[in-house]
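The block underneath contains the structure these notes are about, expressed in C-alpha cells.
In each ligand, atom 1 is the first atom listed, and ligand 1 is the first ligand listed. The residues of the chain are indexed from 1 along the displayed sequence.
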Amino acid sequence: MCGIYAGVTNHSITTHLIDGLNALSYRGYDSAGIALISKQGLERRRAKGKLDNLTGLLKQTPLEGKVGIAHTRWATHGKPECRNAHPHMTLEVAVAHNGIIENYAELRKELEACGFGFESETDSETIPLLITCYLHKGMTQCEAIQNTLARLEGSFAIVALFDNCPDQLFAARQGSPLVIGHSDAGFYLSSDENALIDKSDAICHMQDGDLARITHNRLIITDFEGNIRKRVMTPSYAISEEQGKQGYRHYMLKEIYQQPAVIQQTLDHYLQEDGTLHPDLKSLPMESLCRLSIVACGTSSYAGVVAKYWMEEIAGLPVDIDIASEYRYRNTPYPPQQMALFISQSGETADTLAALRHASKGGQQTLSLVNVTNSSMASESDRMLPLLAGQEIGVASTKAFTAQLATLLLLTLVTARSNRQITQLQLQQHLNTLNTVPRLMDDLLNQTDTIRNTAQQLYRSEHATYLGRGIAYPLALEGALKLKEISYIHAQAYPAGELKHGPIALIDERMPVIIIAPPGPLFSKTLSNLREVHARGGNIILLSNQAGIDQAADFTDTAIVMPEMDALIQPLLYTLPLQLLAYYVALYKGTDIDQPRNLAKSVTVE
Ligand code: G6P
C-alpha cells in the first residue's frame, strides 16, 4: 500500500530517497515519485510502474538537494498513471499523502470555484491546493498547513515541502502511521519503521493529531493548533537482518522456509523454561467468557476460522468469525461476557482497525494478535499477544499465518484448561505435541519434488478448486487464496460437503481439484466427495497420510503424502504444501511472486 519516505539532512538526499522507496516497495505500489528542493527550487520526478522507471528518469534528468519527499502509490482514487502519482504539487508546495481524504469531492468543488485546476483524479491533490489557497490569502506556511489540516476529514499521513522554506519539512498524522528517525545527518521520515532502520539511531512514532516541523537539526511537534506536544525519541530496535533474500529466489520462499524457526520462537516465547505458560497468556480472562468473536481480513481471517474449530472442539467456547469490513458496519450485539479478538499481521489493516475501534466503543473487551507490535491495533486493544514471525516481506502471507495458528492453538489450550475441558496432564501432552511441529515442518520442507511436479501440471490451468471438511476447510480457503494471489489463477475453496450444491457443475477434466483430507473422523466423508469429483472427470490432487492416499489410489491423479502426526497440529503442517504449490505454480508462470499485481502488503485504506 502507499508508502511515504522523506528526509531533511545535511547531505545530498536523492539516493537515500530511492533507497527508502525500495525499502517500502514490499508493501505493493504501482507508481512512485520524489520532490526536492534543488538549486532551481521545488522540483519533482514521477513514474508509473516499478521503481526502475523512476530511477531511469532520474538518470536522464537528475535532481539534487538535501531536503526531499518521496512516495510509492497504490491506486485508490484514479488509475495508476504518472499524473496521479505523488508528490502532488503547486509552484509553492509539494505533498505526499497516505490515507484517504473523505471530503475531497467537496474540497475539490470549493477549490475549483476559487480557480484552482486539478491535474490528477486523486483525493490527495486537494491538500497542496488547499495549502496554496491559504498561502495566497497571506498566511505563513505553518498557518496554511494548520488551516488545511482543520479542513481534512478521513485518515492521513502527510509530508510537505515548501518552495520558499528550503531547509524545512512539515509532517502530520491522523490515522495513518508516520515515524520520524534521527541520525547525525538529520531526520528521515517514513510510514514504515522498517524503512528507517539503517538511517536512524533513534525513532519517534508520531501520534494522531501531531504536526511536526523539522530542519536537519531541530524537531518541533505540536498539535494541529500549534500547542507543543512532548514526544520522546527512543533507540531504534527494528531488526535489519530480515532484509535480503539470503540466497532464496523470493522473499516468499525464504519466509516459507523460516516457518520451523518461527514456530520454535513462538513456543520459546509462550512456553517458559519451567514448563509453564507465559503470563500474558495465562492472565487472559478466558474462563469468564461466554463467546469469542474473531475479526480479521484475508489470510488472518482464515487463521481465525481454524481457531473457531479448535476453540469449539477443544475448549468448548462458542466462536463467531467475521470479516472486518462486514463486522465494522453491522450492528452486532455485544454481550458483556464476550471478548473480541482481532488478528492481523500488520496491525494496521484499515478495516480490522476500524472493527477494533467499533468493538471498543461498544464496550467489548478486546484482544489483538499482531506481528507488528508497535502498530495501531497493538496500542489500541485492551490486551495484545505478539506473533513471533519477524518481518514478513512477501505480499502473500505465509509465516505470519502459521505463527497465528501456533499462537491461536496455545490460546485454545489455555482456554480449554481454564474451562476445565482438559486436565493438566492433557495440557502437557498437547504442548508436547506442539513441540514436534518445527521438526515435522523441517522434514516436509526438505521433500518438495512431488509439489514441484504437481505445480508443473497445474500452472497452465485457468481454474482450480480446493476442498476440505472440518478444520481442513479453512486450509482449503488459504490454499486457494495463496494460488490466486500470486499465480492469478482463479481458485475457489469449498467445504467438501457443499460441493454438490453448485460447484460440482464446474467439474470436468480441465478442473484441478485439490482435496485436503487428513486422517480422522471426516476422512471417509471427504473420500465420498473425492469420488464424486472423480466420477465427473476432475483432476484430483490429494493431500493425506499414506493410508489415506492408499484408500483413494484408484480415484486420485496426484498424491501428496503427508507424514503421520497428531490431529491437533494438522493445520500447521498441511498448510506448507499448499503454500509451496502456489509458489511453484507462480514460479512456472513467471508472475511477480513477492509483489503480485494489484495487491498490497498492508491495506491501510477501506
Ligand atoms: C492484505 C495482504 C494479505 C493479508 C491481509 C490482512 O490483503 O495482502 O496477505 O492477509 O491484507 O492483513 P493483516 O496485516 O491484517 O493480517
Side-chain angles (χ1 to χ4, degrees), residues 1-3 24-30 74 76 176-177 191-194 250-252 255-256 262 294-307 321-328 340-357 366-378 380-381 384-405 407-408 474-475 477-488 493 575 578-579 582-583 586 591-606:
M1 193 118 297
C2 298
L24 290 169
S25 64
Y26 80 97
R27 298 157 60 98
Y29 68 101
D30 38 48
W74 186 85
T76 55
S176 297
S191 44
D192 187 330
E193 184 185 343
N194 293 304
H250 295 96
Y251 280 108
M252 181 179 176
E255 288 160 4
I256 289 174
V262 165
I294 302 182
V295 186
C297 295
T299 289
S300 300
S301 76
Y302 298 149
V305 184
V306 174
I321 167 85
D322 251 299
I323 296 293
S325 53
E326 290 297 316
Y327 177 90
R328 63 181 289 194
L341 166 62
F342 300 87
I343 308 172
S344 176
Q345 186 285 126
S346 61
E348 299 292 350
T349 301
D351 284 318
T352 315
L353 182 58
L356 165 63
R357 290 173 178 160
T366 56
L367 167 66
S368 64
L369 252 68
V370 291
N371 196 36
V372 181
T373 50
N374 52 25
S375 57
S376 305
M377 277 181 229
E380 292 188 32
S381 49
M384 186 267 290
L385 293 177
L387 300 167
L388 281 296
Q391 191 189 0
E392 193 176 61
I393 303 265
V395 164
S397 184
T398 52
K399 61 176 181 169
F401 179 67
T402 43
Q404 287 164 350
L405 292 185
T407 313
L408 287 163
L475 304 185
L477 288 168
E478 174 58 7
L481 179 64
K482 285 287 90 78
L483 189 75
K484 60 190 147 196
E485 279 180 318
I486 58 169
S487 75
Y488 317 145
T575 296
L578 299 172
Q579 295 171 341
Y583 175 80
T591 52
D592 188 348
I593 293 181
D594 284 332
Q595 289 170 26
R597 69 181 181 205
N598 303 341
L599 296 181
K601 181 74 193 150
S602 173
V603 180
T604 49
V605 294
E606 241 194 280

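Counting atoms of ligand 1 from 1 in the listed order, those under 4.0 Å from a heavy atom of Ser344 are 13 (P), 14 (O), 15 (O), 16 (O). Heavy-atom proximity to Ser346, at under 4.0 Å, picks out these atoms of ligand 1: 13 (P), 14 (O), 15 (O). For ligand 1 and Ser397, the ligand atoms under 4.0 Å from any heavy atom of the residue are 9 (O).
Across every non-hydrogen atom of Ile593 and Tyr583, the tightest pair is CD1-CE1, 3.6 Å. Shortest non-hydrogen contact noted between Ser344 and Gln404 is C-NE2, 4.1 Å. In terms of heavy atoms, Gln345 sits closest to Lys601 at NE2-CE, 3.7 Å. The nearest pair of heavy atoms linking Arg27 to Gly3 is NE-CA, 4.3 Å. Among all heavy-atom pairs drawn from Ala389 and Ala400, the shortest one is CB-CA, 3.9 Å.
Closest to atom 12 (O) of ligand 1, if we only count protein heavy atoms, is Thr349 OG1, 3.3 Å. The shortest contact between atom 6 (C) of ligand 1 and any protein heavy atom is with Cys297 O, 3.4 Å. The shortest contact between atom 16 (O) of ligand 1 and any protein heavy atom is with Ser300 OG, 2.6 Å.
Taking distance alone, with nitrogen or oxygen atoms compared against 3.5 Å, Gln404 stays at or beyond that limit from ligand 1. Residue Thr299 has at least one N or O atom closer than 3.5 Å to an N or O atom of ligand 1.
Looking at Asn371 and Glu392, their side chains never bring a donor and an acceptor atom within 3.5 Å of each other. Ser381 and Thr366 are not linked by any side-chain donor-acceptor pair at a separation below 3.5 angstrom, with hydrogens and angles left out of the test.
Remark: side-chain polar atoms of Thr349 are not paired, donor with acceptor, to backbone N or O of Asp351 under 3.5 angstrom.
In the candidate list Val603, Thr398, Leu369, Val395, Val603 is nearest to atom 7 (O) of ligand 1, counting heavy atoms.
In Lys601, the part holding a heavy atom less than 4.0 Å from any atom of ligand 1 is the backbone.
Residue Ala600 places a heavy atom under 4.0 Å from ligand 1.
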